[in-house]
Student: 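I'd like to ask you about the structure that follows.
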Amino acid sequence: MINGKSIFEDSSRQILINFIKDQQNQERISVNASIFDLLEKRIIKQLQRKLVADLGSETASKVMERIAPINYYRKVIDKLSTIYQYSVIRKVIGGTESDKDLLAWYEDELNINDKMNRNNEFYNAYEYALLQFMLKDPEGLLQKRSPFVRTIPNHEFLVMNVDNVDPSAADIYIIFMDPIKMGAETIDVYHVYTDNEFMVLSGKGDVLTEEMERLDQDGSNPFRTVPFVYANASENLVMPLLQDDDFEMSLLIPLLLTDLNYATKFQSFSTIITIDADDEKLKLNPDTIINIKTDEGSENASIQTLKPTVDIDKVLQLCSSEISLWLTGKGIRPGSIGTLSADSFASGVSKMIDESDTYESRVKQIEKYKSVEKVFWDKVLKIYHPIWASSGEIDNTSIFTSTAEVQVVFPQPRPMQTRLELLQELGEAISLNLESRRGALKALYPDWDEDEIDEKLAEIDAEKTFNAMFEVVDGQEQDGNQDSSEGAGGFDGGSEV
C-alpha cells in the first residue's frame, strides 16, 4: 500500500510511475547496466564511450585501433565472492528425517550454492542484490512444475520504501519486464509486488488487465509475502548509493593502458619535419610528415626528425599503484609485487589480486548471507512450499515442520597466508598429531574433491615405498663395503709369523 491506499488506486500508480521515471533512478538503471556489462566481460563499448568523450570522435577512432580491453573488475569481484565456493552445510534443527529430505530436494532442484554464489557476486558489485524464487513450467516429459531461483540483474528492478519509520525497509518491488506490442505502440511493462498485492503496470501508469489474466493473477498475493529475498548492505537507504566510483576505476586502468599503446605508436615511428621542402616530390606516408613553410624566398630547406619518448615503466607503475589503492578501498589487502616493468605488468597485477586478503570482507558477507539464507528457507519451506504442494503444482508434497529451522554453516574464514606460512603451520600440526595428511591436503588444495585427494595420497605413499627400496639397497652396499674394507686391512697388515 502507498499512503494507506492500494497500489491499484490512481494516485498510487502515479506515484509508482514518477518513482520509476525519476532522474536519479534512471541514472541508477543506466550505471547498473554498464556494471552488468563488466560482469559479463563486455568492456569495449564502455571504453569507446569514454575515449570519445575524452578525445573527440576523430582522435578516438584512431586510439580505438589500439584499445586495451582488460577487465580487472570481473577479477576483483571473483576474488571477493568466495563464500559459496567451498562446502556450505545446511542442517535442519528441531525437525524430522522428512524435513531433511525436503531440504535436500530443494538444494538439488535449485542448485542453490551456484545460485547463491551468483547473488553474492551481484551483492559485491552493487552492494545490494535481489533473489527471486518461483515455479517454472514443466519441460520435456515432466508433468509438474519445478521450483526455480534466480538473481535479478540490478538494472532490471527498483525497490521502493514507503515506511515512515524505517527508510531502509523494502516495501515495494518493481521488476522491469520485456516491452509488449499493443497495436503499433510498444509499451513498457512492470511487475509490481507487495506483501498483499500484485499488479502489471504499463509505462503510462495503466493496469494491464489482459496481461494479469494471461498470468492468472487477480491482483492479490495469496502468500502474503513477496517471492524475493533482498540483500542490502546499507542500513540507511532502501537502495545503496550508486557504485559508480568502482565503475569509473575499472575503466581508468584499461584507458591508461590504451593511452600507452597509442603513445608507443608514435614512439615506434619518427615524425619527419620538413622546412621549405618541395612536398610534391615526397613519397612517404603523409601521416608522418609535417611540412613547415617560412618566409618566401628562403633557401634554407631542411629535413629533420622528431621522435617522442614515453616512460612506459612509470605509466605501468602508476597503473599498479592505482589498482592497489582501489583494492584497499574495497576492503581488500593487495598482495606485494614490488616494482613492475613492461615485462612483468600482467603477471604482477594478477598476482596482486590473487594473493590479496579478503578476510574482513568475507566475515561481513557471511553474517549477511546467514540472514539471507534464513529468510529464504523460511519463505520457501514454510510459506510457499505448502501452497505449491497442496495445489498439486510440484511433485514433492512433504510438509516442513513449522517449528523446525534451517541452519547454514559457512567455512570459517581465515586470514590470507603465504604458501610457505601455510606449509609451516600444517607441518607443525602434523608433527603434533593435530592434523592428518588428508586434512593438510584439503587445506593446501581447497578446490580438490575426495577422489583427487585420494589420488595424491596414493601417489605420496607409492613414492615413499619406492624411495625406501633404494634406501635398503644403499644400506646393504655400505655394509658390504665396510666388511670388505675390514678384511683387506687384516690381510695387508697381517701379523708376522
Side-chain angles (χ1 to χ4, degrees), residues 7 16 20 25 28-29 32-33 35-36 39-40 81 84 103 105-139 145-161 169-178 188-201 211-212 214-217 219-233 238-240 368-369 371-388 391 393-394 406 408:
I7 60 174
L16 288 168
I20 294 170
N25 285 332
R28 176 183 294 273
I29 295 302
N32 285 352
I35 293 175
F36 181 79
L39 291 174
E40 294 296 313
S81 310
Y84 279 98
L103 173 62
W105 183 79
Y106 266 104
E107 285 184 293
D108 184 58
E109 287 286 318
L110 298 175
N111 192 18
I112 193 63
N113 281 343
D114 285 347
K115 298 300 177 64
M116 284 293 187
N117 183 70
R118 180 65 167 169
N119 189 266
N120 183 229
E121 291 176 354
F122 277 64
Y123 177 80
N124 285 318
Y126 300 98
E127 293 200 349
Y128 68 110
L130 187 62
L131 191 71
Q132 182 182 25
F133 50 90
M134 67 198 87
L135 293 180
K136 64 179 180 179
D137 292 332
E139 300 176 353
R145 302 173 77 187
S146 56
F148 176 75
V149 65
R150 68 165 183 145
T151 293
I152 301 178
N154 287 51
H155 62 286
E156 295 180 2
F157 75 89
L158 290 170
V159 183
M160 187 174 178
N161 171 264
D171 301 310
I172 300 175
Y173 296 84
I174 304 168
I175 313 301
F176 297 5
M177 308 304 293
D178 291 334
D188 291 331
V189 179
Y190 309 102
H191 286 185
V192 183
Y193 295 82
T194 71
D195 284 339
N196 298 304
E197 296 178 297
F198 170 79
M199 175 176 65
V200 181
L201 184 69
E211 278 296 296
M212 293 190 66
R214 184 182 67 84
L215 296 171
D216 195 22
Q217 296 292 327
S220 65
N221 180 358
F223 301 97
R224 294 295 181 263
T225 184
V226 293
F228 305 107
V229 180
Y230 184 50
N232 182 9
V238 68
M239 290 185 291
K368 171 61 69 174
Y369 273 85
S371 174
V372 167
E373 291 248 4
K374 176 174 171 49
V375 174
F376 175 79
W377 292 113
D378 282 350
K379 282 191 174 188
V380 170
L381 296 177
K382 296 182 179 181
I383 300 175
Y384 276 77
H385 174 77
I387 295 178
W388 292 339
S391 65
E393 291 188 275
I394 58 176
V406 175
V408 182

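Just so it is clear, the structure is predicted and the values come from calculations on it, not from any experiment.
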Student: Can you list the steps and then say if N111 with D114 is a side chain to side chain donor-acceptor pair (under 3.5 Å)?
Tutor: CA-CA 6 Å; N111 192 18; D114 285 347; 3.0 Å; yes
Student: Given salt bridge (Lys or Arg N to Asp or Glu O under 4.0 Å), test K136 with E109 step by step and report yes or no.
Tutor: CA-CA 12 Å; K136 64 179 180 179; E109 287 286 318; over 6 Å; no
Student: For the residue pair N119 and V149, establish whether any side-chain heavy-atom pair is separated by less than 4.5 Å.
Tutor: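 N119 vs V149: side chains apart.
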Student: Would R150 and F133 count as a side-chain contact (heavy atoms from CB on, under 4.5 Å) here? Give the steps.
Tutor: CA-CA 7 Å; R150 68 165 183 145; F133 50 90; over 6 Å; no
Student: Hey, what do you get for OG1 (T151) to CD (E121), rounding to the nearest 0.5 Å?
Tutor: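 Nearest 0.5 Å value for the OG1-CD distance: 9.0 Å.
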Student: Y193 and ring-ring contact (aromatic ring centres under 6.0 Å, His included): which single residue from Y230, F228, Y173 fits?
Tutor: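 Between Y193 and the candidates, ring-ring contact (aromatic ring centres under 6.0 Å, His included) is satisfied uniquely by F228.
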Student: Excluding sequence neighbours, so at least two apart, what forms side chain to side chain donor-acceptor pair (under 3.5 Å) with Y128?
Tutor: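 Result, side chain to side chain donor-acceptor pair (under 3.5 Å) vs Y128: R28, N32.
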Student: According to side-chain contact (heavy atoms from CB on, under 4.5 Å), who are the partners of N113, at least two apart in sequence or on a separate chain?
Tutor: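 side-chain contact (heavy atoms from CB on, under 4.5 Å) check on N113 returns Y84, V88, R90.
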Student: One pair to check against side-chain contact (heavy atoms from CB on, under 4.5 Å): N154 and I35. What are the steps and the verdict?
Tutor: CA-CA 9 Å; N154 287 51; I35 293 175; over 6 Å; no
Student: Go through the steps to decide whether D378 and K374 satisfy the test salt bridge (Lys or Arg N to Asp or Glu O under 4.0 Å), and finish with yes or no.
Tutor: CA-CA 6 Å; D378 282 350; K374 176 174 171 49; 3.2 Å; yes
Student: Hey, does I394 have a side-chain heavy atom less than 4.5 Å from the side chain of L135?
Tutor: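 L135 vs I394: side chains touch.
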Student: Below 4.5 Å, heavy atoms only, C-beta onward: do N25 and M239 meet side chain to side chain?
Tutor: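 Counting from C-beta outward, N25 and M239 do come under 4.5 Å.
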